[in-house]
2 protein chains.
Amino acid sequence: MARDERKRPTIYDVAREAELAPSTVSRALSNPGRVSSRTREHVLAVADRLGYQVNSLASALPSGRTHTVALFVSDITNPHFFGIIRGAEHQARAAGCTLILGDTEESPEVEARNIERLGSSVDGFVVAASRMTDEDIEALAGKHRVALISRQLAGLPSVIVDHVDGTREIVEHLAALGHESLVYLAGPRRAWLTDQRWRGLAQAARRVGMSARRLGPFQPTMRAGANAADVALGSGATAAVAHNDLMAIGMLRRVAERGMRVPDDLSVVGFDDIFGSDISSPALTTLGGPFEEVGRLAVDSLLGMREKSREAGRAEQIVLPSHLVIRGSTGKAPVR
Amino acid sequence: MARDERKRPTIYDVAREAELAPSTVSRALSNPGRVSSRTREHVLAVADRLGYQVNSLASALPSGRTHTVALFVSDITNPHFFGIIRGAEHQARAAGCTLILGDTEESPEVEARNIERLGSSVDGFVVAASRMTDEDIEALAGKHRVALISRQLAGLPSVIVDHVDGTREIVEHLAALGHESLVYLAGPRRAWLTDQRWRGLAQAARRVGMSARRLGPFQPTMRAGANAADVALGSGATAAVAHNDLMAIGMLRRVAERGMRVPDDLSVVGFDDIFGSDISSPALTTLGGPFEEVGRLAVDSLLGMREKSREAGRAEQIVLPSHLVIRGSTGKAPVR
DNA sequence: GCAACAACGGCAAGCGGTTGCCAGAAGTTG
DNA sequence: CAACTTCTGGCAACCGCTTGCCGTTGTTGC
């Protein structure tokens with residue numbers, strides 16, 4: 001009731017009260033240099049007294065600037081995105097923007113639809129771990145400002161955590177432990193990272209003379225990890241690299257369930273170093289990265305696109321270093 | 001470039017192309033019953049051909065309906081909110097709304113500020129685990145539609161997971177294991193749940209003749225769990241109930257770090273049954289709840305407020321049942 | 001066959017801001 | 001002191017869509 005009667009004051013109310021034109025009030029509020037300081041202060045005082053708050057919808061309409069950015073993640077229940085979300089939020093807030101978070105639930109359709117839905121009400125999109133095709137992303141980028149996370153595409157700004165060096169580190173770590181064979185439990189086919197990680201692993205394995213096989217694809221979830229574990233155990237490899245920590249943790253459980261031991265019977269490595277990867281038993285060896293920074297930089301480069309035209313500035317593709325976190329899930333290769 | 005040249009078509013473009021008035025196009029799109037089916041189909045076809053997409057900003061301005069709801073959580077890195085977020089999103093989507101997610105980072109100021117910022121651009125707010133004072137929430141509710149999660153306040157719709165029965169269950173479980181004393185490691189003072197949980201525990205303990213003490217407050221994080229563990233161990237109690245799973249998991253680690261064992265030396269119970277609570281070792285005994293349902297219902301009752309006036313309908317306060325998940329972190333009380 | 005009434009499409013006034021343009025006031029310059 | 005900038009504030013035209021109201025046309029009832 002109270003809610004409905006009292007309408008929010010508008011600049012017209014403030015203008016009337018301050019005995020000025022609405023346009024002057026508007027300027028005093030959003031373009032302070034344009035009016036005299038006396039006027040500005042007067043307006044501010046009146047606005048304050050009336051409890052005036054800009055209607056962000058109304059101001060976005062003529063100006064086209066919504067001061068809102070959207071972040072889409074492929075699965076909001078994956079702790080991997082925590083850091084990214086936090087980082088993005090901080091950067092957005094620092095830039096005076098609101099962050100809208102969307103969960104695409106691993107579906108390229110949901111992704112495309114949600115993005116289209118938001119269309120005109122945001123200044124741009126940060127898409128993390130997109131499942132869309134390159135073509136769809138390009139089409140999207142033709143209509144909106146887009147920055148990518150965990151994916152690279154020519155001409156678009158992106159932020160990824162290095163996987164070339166990271167996978168090399170993983171392989172060398174395993175090699176040092178005496179492993180001679182590894183399997184990669186692949187993530188979704190649509191995930192750009194799936195191929196990248198496999199390529200990195202395969203190449204590094206070749207270099208150290210380790211055999212490597214790719215199995216899957218699997219959904220990047222704990223549940224699918226059980227399946228992946230069975231497949232990995234069946235493969236005869238002594239080391240398994242899961243597409244992400246969620247899968248890896250699911251594998252740890254399944255291996256234990258089957259009465260085998262990690263790392264004695266099988267070494268397991270994950271990606272992301274998520275919350276939970278250090279409380280599992282054994283704790284998970286995993287490739288971590290500065291994900292908060294990833295989120296921050298992605299928003300940053302999205303907002304940065306404002307000025308530089310896409311052609312001129314050459315969208316920057318940022319690669320942040322990863323680091324291998326060695327914990328209990330990797331150990332000496334079992335002797336045959 | 002492509003992005004900037006081609007402006008999105010508007011209803012005027014569609015109207016011109018369809019040789020109709022803009023108002024008719026508007027109606028065909030958003031109020032189909034108001035035009036003849038022939039006209040509607042014609043408009044739809046033209047709109048489709050032109051790739052028309054409503055500008056949600058523009059339509060929200062005159063109508064006042066933004067088809068957007070905001071969900072604020074106190075800490076987005078707490079997996080507890082996963083289910084709530086998912087549930088809220090699903091329900092929002094089902095109702096044709098977009099969900100905006102906000103992280104208030106445990107701060108009532110951030111909470112109030114962010115809510116005010118969004119003010120006019122959402123249809124309402126779902127606030128989970130609010131840290132604001134009752135007065136501030138009431139003030140907010142005077143200006144916007146608000147639904148609460150994990151908090152009750154007269155006159156406002158809310159969804160909580162039962163704690164009365166839940167805490168009783170916890171206490172009885174501990175009593176059955178022979179425990180005669182428990183400590184509650186309290187959460188933030190501003191969290192409504194902190195007092196509620198303590199009250200429930202204290203009352204249940206009294207009834208079974210168990211001693212209960214409240215310690216803290218602590219931040220509801222893993223980090224603070226270490227501190228809580230030390231305090232709990234120092235208290236001499238044989239059972240510790242942490243404010244949430246994050247704290248409880250932090251406690252598990254700290255206890256192990258100090259060379260003691262859970263549950264042999266100390267039984268530990270948490271709240272929420274978050275992701276991670278079953279992969280810790282020992283796995284955590286915790287009070288779970290249907291959190292996805294919580295999120296869903298909260299959005300539901302928020303959107304339901306549309307029709308029924310707040311006074312008339314008597315805001316519904318929903319209480320969902322909790323369930324105790326017994327795992328390895330609770331065991332027989334140590335014999336003295 | 002005509003009044004009464006739907007049904008349907010169009011007009012135009014908003015929603016609450018932003019902003020290009022103009023004009024009067026104030027400040028500079030020679 | 002005239003001529004010319006620079007400041008400031010106001011006017012009014014949007015931004016793209018919604019919606020109350022009106023007029024036309026087609027239907028129905030008697």
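Note that the coordinates shown come from a computational prediction; the quantities given were computed from them, not determined experimentally.
- Using a 4.0 Å heavy-atom criterion, one finds that B:Ser120 contacts no nucleic acid atom at all.
- Between A:Phe82 and B:Phe82, the distance from one ring center to the other falls under 6.0 angstrom.
- Side chain of B:Ser30 to backbone of B:Ser26: a donor-acceptor contact under 3.5 angstrom is found.
- A:Asn31 places its CG atom 10 Å from the P atom of C:dT18, with the value rounded to the nearest Å.
- Residue B:Thr39 is the one, among B:Thr39 and A:Leu61, whose nearest nucleotide of DNA chain C lies closer to the 5' end (criterion: closest heavy atom).
- For A:Asn78 (side chain) and A:Asp75 (main-chain N/O), no donor-acceptor pair under 3.5 Å exists by modelled atom type.
- Between B:Leu29 atom CG and D:dC17 atom P there is a gap of 9 Å when expressed in whole angstrom units.
- A donor-acceptor contact shorter than 3.5 Å links the side chain of A:Ser301 to the backbone of A:Ala298.
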> Checking side chain to side chain contact (heavy atoms under 4.5 Å, CB included) for the pair B:Thr68/B:Asp123: CA distance, chi angles, key distance, verdict?
Replying inline: CA-CA 6 Å; B:Thr68 302; B:Asp123 286 345; 5.8 Å; no
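- At whole-Å resolution of the value, CG in A:Leu57 and P in C:dG16 are 11 Å apart.
- For the pair B:Asp13 CG and D:dC17 P, the computed distance is 9 Å after rounding to whole Å.
- Taking a 6.0 Å sphere around CZ of B:Arg190, one finds it holds 12 or fewer heavy atoms contributed by other residues, nucleotides or ligands.
- In this entry the distance linking CZ of A:Arg34 with P of D:dC7 reads 10 Å, nearest Å.
- Relative to the side chain of A:Ser36, the nucleotides D:dT18, D:dT8, C:dT18 differ in distance, and D:dT8 lies closest.
- Between A:Phe291 and A:His80, the ring planes are perpendicular. Angles over 60° get that label, and only those under 30° would be called parallel.
- The CZ-P distance, from A:Arg38 to C:dA26, rounds to 11 Å in whole Å.
- Between the side chains of A:Gln53 and B:Ser120, not a single donor N or O lies within less than 3.5 Å of an accepting N or O.
- Residue A:Arg65 has a polar side-chain atom (N or O) positioned under 4.0 Å from OP1 or OP2 of C:dT19.
- Residue B:Arg131 forms a salt bridge (Lys or Arg N to Asp or Glu O under 4.0 Å) with just one option from B:Glu109, B:Glu106, B:Glu111, and that option is B:Glu106.
- Candidate nucleotides D:dT18, C:dG16, C:dT18 were compared by shortest atom distance to the side chain of B:Ser30, and D:dT18 ranks first.
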Distances for protein N/O vs nucleotides 23-25 of chain D N/O pairs under 3.5 angstrom?
none

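- With DNA chain D read from its 5' end, the first of the two nearest nucleotides for A:Val35 and B:Thr10 is the one closest to A:Val35.
- Spacing between atom CG of A:Leu50 and atom P of C:dG16 amounts to 14 Å, rounded to whole angstrom units.
- Contact of A:Tyr12 with C:dG17 (side chain to base): a donor-acceptor pair of N or O atoms is detected under 3.5 Å.
- At a non-hydrogen distance threshold of 4.0 Å, B:Ser23, B:Ser26, B:Arg27 from residues 19-27 of chain B come into contact with DNA chain D.
- Nucleotide D:dT8 holds its P atom 13 Å from the CD atom of A:Glu41, rounded to whole Å.
- Residue B:Ser63 places none of its side-chain N or O atoms closer than 4.0 Å to OP1 or OP2 of D:dC17.
- Of the inter-residue distances, the one linking A:Asn114 atom CG with A:Asp103 atom CG reads 8.5 Å to the nearest 0.5 angstrom.
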